[in-house]
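Working notes for the structure below.
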Protein chains: 2
Amino acid sequence: MSRTPPHPTREQIELPMVLDCLSDPIRLAIVYQLAQQEHVSSELCCGDFNALSGKSNLAYHFAKLRECGLMQTRVAGTNRFVRLRREDLDARFPGLLDAVITSAAKDADRLHLVSECEGVKAD
Amino acid sequence: MSRTPPHPTREQIELPMVLDCLSDPIRLAIVYQLAQQEHVSSELCCGDFNALSGKSNLAYHFAKLRECGLMQTRVAGTNRFVRLRREDLDARFPGLLDAVITSAAKDADRLHLVSECEGVKAD
DNA sequence: CCCGATGTTCAATAGTTCTTGAACTAATTG
DNA sequence: CAATTAGTTCAAGAACTATTGAACATCGGG
């Protein structure tokens, strides 16, 4: 379980799979949250998304996001860090990711998305 | 059956539904075909898509495209004309439709999309 | 070495989606 | 009015999706 899971190559990334992945509210929220703080850090750890659903359900959605090429997973000790594959996506589908993020931001309330600097609860 | 079917208002158009709609290969092909000849005519009639699938399956996909706000259907005698709701989509999700069309065009072969001036078979 | 934390995997379930063909409706044409 | 054309609606089936909880694996720390 400790090895890095498989990722598609850039060329293997398929538009319908990407769109389907982004069409699920939980996965869209994950991608949005990653994009919102890309300028702070490109990575978040899986646990940072625990507010969105149960852990096993999140693992399912992480796998989907990884398999369709939207995210990369890095194993570090007992944690896994995920990040958007922005370079690959921008090369493959120019403007798509940004258009989705921007559109999601416009509907953040309706989509129950966490805006930047929110949702980081002090312990 | 003859009345114009219901369409969502611009504000009712939801991002996840739009992305989900576009993630189906047949629906993506429909949208792509409409976009490819938007500069010739904004409308096509349902029968122009018969190459993509059977009629009842197309009716199912047309309904989905209409219900999510991607297309508008106009009834004219025994025909129905469909067109992209470009103004509404661009207002709601700026750049999204164009990014999807451009991305689809790049993968036209892989996605089995009909390029412009193709698929118009003389009788 | 055992504990707790982090995440994954598995099995089961409820619900959804796509596809097909047959029956239907509605307008047009002879 | 009968026949044709265009497209929808309905019912049924196969396949897939999301969600849940329980069991499991792995790492790091006392």
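Only heavy atoms go into these numbers, but all of them, side chains included; no hydrogens, no water, no symmetry mates. Within every chain, numbering begins at 1; the chains are lettered A, B, ... in the order of the sequence lines, protein sequences first and strands thereafter.
Under the 4.5 Å side-chain criterion, counting only non-hydrogen atoms from C-beta, A:Arg83 is not in contact with A:Met71.
Put simply, OH on A:Tyr60 is 17 Å from P on D:dG21, counting in whole angstrom units. Taking atom CG of A:Asp24 as the reference point, atom P of C:dT16 lies 14 Å away to the nearest angstrom. We find that CZ of A:Phe62 is positioned 13 Å from P of D:dT19, with the value rounded to whole Å. Between the NZ atom of B:Lys55 and the P atom of C:dC24 there is a distance of 16 Å, given to the nearest Å. Atom CG in A:Asn57 sits about 6 Å away from atom P in D:dT20, given to the nearest Å. B:Asp20 has its CG atom 7 Å from the P atom of C:dT17, to the nearest Å. Atom CG of A:Leu65 is separated from atom P of D:dA18 by 10 Å (rounded to the nearest Å). The distance from atom CG of B:Asn50 to atom P of C:dT20 is 13 Å, rounded to the nearest whole Å.
Under the 3.5 Å distance criterion, with hydrogens and angles disregarded, no donor-acceptor pair is assigned to the side chains of A:Arg85 and A:Gln72.
Listed for the A:Arg27 side chain is no donor-acceptor partner under 3.5 Å among the backbone atoms of A:Leu65. At least one donor-acceptor pair under 3.5 Å links the side chain of B:His7 to the backbone N or O of B:Thr73.
The base of C:dG21 sits with one of its N or O atoms less than 3.5 Å from a complementary donor or acceptor on the side chain of B:Ser56.
Put simply, A:Arg80 has no side-chain N or O that comes within less than 4.0 Å of OP1 or OP2 on D:dC27. Taking side-chain N and O atoms only, A:His61 has a distance below 4.0 Å to OP1 or OP2 of D:dT19.
Distances from the side chain of A:Ser53 to the nucleotides D:dT17, D:dT20, D:dG7 place D:dT20 closest. Here the side chain of B:Asn79 is nearest to one of C:dT6, D:dG7, C:dC18, namely D:dG7. Which of D:dT19, D:dT5, C:dT19 sits closest to the side chain of B:Ile26 comes down to C:dT19.
Checking A:Leu58 against B:Thr78, the closest nucleotide of DNA chain D that is more toward the 5' end is the one next to B:Thr78.
Considering B:Leu58, B:Leu70, B:Leu44, B:Leu22 in turn, B:Leu58 is the only one that fulfils the side-chain contact (heavy atoms from CB on, under 4.5 Å) rule with B:Ile30.
Contact annotation for B:Gly47: backbone-only contact, meaning every heavy-atom pair under 4.0 Å involves sugar-phosphate atoms and none involves a base.
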